[in-house]
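What follows is one structure encoded as structure tokens, with my remarks underneath.
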Protein chains: 2
Amino acid sequence: MATLKDVAKKAGVSVATTSYVMNGSKLITEETKEKVLAAAKELGYRPNGNAKNLKKNKTHIIGFFLSGFTGPFFNELLEGIQVTVIKNGYEMVVCASDDKHRLLLEQYVDGAIILNYHIADELLDSLASEKFPLVVLDRDLENPHISQVLLPNKHGMKQVVDHLVEEGHQRIGFIAGSEESFDGESRLEGFKESLATRGLSFDKKDLLRADFTEISGLLCMKEYLDKEADYPTAFVSANDEMAMGAIKAVQQKGMKVPEDIAFTGFDDIDLSRYFHPSLSTVCVQKKQWGRIAAETLFHMLEKKHAVAEEEITIEFIPRESSLKGVMRD
Amino acid sequence: MATLKDVAKKAGVSVATTSYVMNGSKLITEETKEKVLAAAKELGYRPNGNAKNLKKNKTHIIGFFLSGFTGPFFNELLEGIQVTVIKNGYEMVVCASDDKHRLLLEQYVDGAIILNYHIADELLDSLASEKFPLVVLDRDLENPHISQVLLPNKHGMKQVVDHLVEEGHQRIGFIAGSEESFDGESRLEGFKESLATRGLSFDKKDLLRADFTEISGLLCMKEYLDKEADYPTAFVSANDEMAMGAIKAVQQKGMKVPEDIAFTGFDDIDLSRYFHPSLSTVCVQKKQWGRIAAETLFHMLEKKHAVAEEEITIEFIPRESSLKGVMRD
DNA sequence: AATTTTCATTGAAACGTTTCAATGAAATGT
DNA sequence: ACATTTCATTGAAACGTTTCAATGAAAATT
């Protein structure tokens, strides 16, 4: 691989000059510039980012660290971040990791956005600094160099519970995801709190545990229906997929949704609208989430343009799966 | 940020020793090792990946370069790549770019998988080398250091056309995506070729152009229905989303799918099964695609374990949208 | 006891850049 | 014609690692 030195030699100038040409310094003569560029082209010169970053102690890359790529969830979020990153003249790399987190540790990026429960709080705490700010999307952390941009899950749950109570439900079950998920758990908490506010009690035998997948929702609901004698008239799920699975389980038992048991989801994935019955759910603006996360990071990184306190938009969308009377949508 | 030098000083040993400790050399005494590790911990030492890569001329990172994150398409593909990458002791970064491709150019990665029509053939051609192999998923390129792992689109289209012809269709239209898409265009070609094989002709006024989104499919079909007097009895779409949009347009005109016009999609996204009518489509094993792409790259990178010639699995799935008689799923 | 071998440690060069400070030539001002 | 300023170019140090070759102490062999 040709280096600056090779280019310099070929062009008959110094390495310094070559570097200046590459970086568009205006001190350089048009003539030398052309010579150098020609030499670079001929040699197929490509800058070495590692050397550059090492010298400048700056990469102009930010990282987005997640736990995996599955789920219909990330695309919009990613898009929201990406747009903002480009707008700020940076690049983004997306990395999935479950144990080593090498890319996060070895100073490849100037800052990072985290949505990865595999990464311990303590690690993030020790990593974050003035020069290496972090934005977390999946935890609550007290650190001057870590900002959190969290979904208003409780707010969403309040809307869900309000809706179900207005529809006349008194005993409401909950389908939770894995306990590692911050959003999942805060949805559960929000649910319980909203119930309490409404003066309703929650029996913990009506709490089902699954893992956010459709199949896990189906299985745990099946088991529940077999085990219990009487059921809640409604179930709230921590996400859409599990709700769909659970609905199938109910239907397979010969019961009707929403007549026998009503259901609500969370996230509003594309499918929710098409599912049968269409799924009542909470629509989350993931693109906005991504945008705000990135803006927050750049604010910390560049200390300018104060970032507006903006809550991510969240809205309950009633559909067939929880509407007794009217059928709509 | 603490460096090796700082750690060395604190531990009272040389930089070289410190480096050896960090890399787990077995020559080092247990005693010095502990001293160094303690010092490193105390200073919060983090290795500098850029310096490391610069020295070793190797990153153990491969890149996956795509044009954007939208579409329900990438997750599985990414998952397939990621698993294989980890298995090989590497890391993956995912980058979206539309013009500069800095991360691809500046030697941040040891090799790359490309699915990004923004990147010119010529650039890839000039980039690829023994030390920097490439796998392309979206073009056909003749270069010893570039491998292509392509979907068997034509094969899939043959199955689609066979099916429709057996269902009695003689005049079949096509809904194409943007011309930049390699897969989109090769699906169109495959469609035309299969028609020809069957002895059927294709009138280019039955070729609609959209951009792979549902809304674009809806709009172009609407326009077509308004403009033309008589229609094909079936439409083949280059992907599922456009087919769904087009079906809606037909339904809005008061016609029935599949009775008046039958439709097929391509990809088998989750929604296809739930759509009304459920969508006949070609199921593509994207995870397998990703796995093979990564395996191919590592083969070039490490010159070992010959990679089996394996075609990506593709299978036509008939559903309601193209079945006149029976209704099935 | 003298020689060789093994072993832990180290100094220093190298990787490919950037950028400060220095150089000297040309242009400007007197 | 001389002093000054401006300008294009350059040498060299630095960024944080790795790793070769060298060092000298301890262990093993004679």
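Here is the naming used below: chain letters follow the sequence lines, and residue numbers restart at 1 for every chain.
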[X]-[Y] side chain donor-acceptor pair, cut-off 3.5 Å:
X        : Y        : result
B:Gln148 : B:Asp140 : yes
B:Asp183 : B:Ser181 : no
B:Gln288 : B:Thr313 : yes
B:Asn143 : B:Asp125 : yes
A:Asn53  : A:Thr59  : no
B:Asn116 : B:Ser67  : no

Please list each protein N or O that sits under 3.5 Å from an N or O in nucleotides 13-16 of chain D, with the distance.
unit_1: D:dA14; atom_1: N3; unit_2: A:Lys55; atom_2: NZ; d: 3.4

Mark yes or no: B:Arg139 above the aromatic ring of B:Tyr117, with NZ or CZ under 6.0 Å from the six-membered ring centre and no more than 45 degrees from the axis. no
B:Phe132 ring centre to A:Arg46 NZ or CZ under 6.0 Å, with the angle to the axis within 45°? yes
Side chain to side chain contact (heavy atoms under 4.5 Å, CB included) filter on A:Ser126, not counting sequence neighbours, yields A:Leu123
Summary of protein contacts for nucleotides 23-28 of chain D, nucleotide by nucleotide, where a base hit scores B, a sugar-phosphate-only hit scores S (4.0 Å, heavy atoms): ------
So what is the end-to-end bend of the helix from C:dA1-D:dT30 to C:dT30-D:dA1, with 5 pairs used at each end and the value given to 10 degrees? 40°
Closest heavy-atom pair and its distance - B:Phe69, A:Val94: CZ-CG2, 3.9 Å
Salt bridge (Lys or Arg N to Asp or Glu O under 4.0 Å) between B:Lys35 and B:Glu31, worked out: CA-CA 6 Å; B:Lys35 258 193 321 200; B:Glu31 192 194 342; 5.2 Å; no
Ring pair (Phe, Tyr, Trp, His ring centres under 6.0 Å) pairs, two or more places apart, involving residues 22-67 of chain A: A:His60-A:Tyr90
So, with a heavy-atom separation below 4.0 Å from DNA chain C, the residues of residues 6-32 of chain A are A:Val15, A:Ala16, A:Ser19, A:Tyr20, A:Asn23
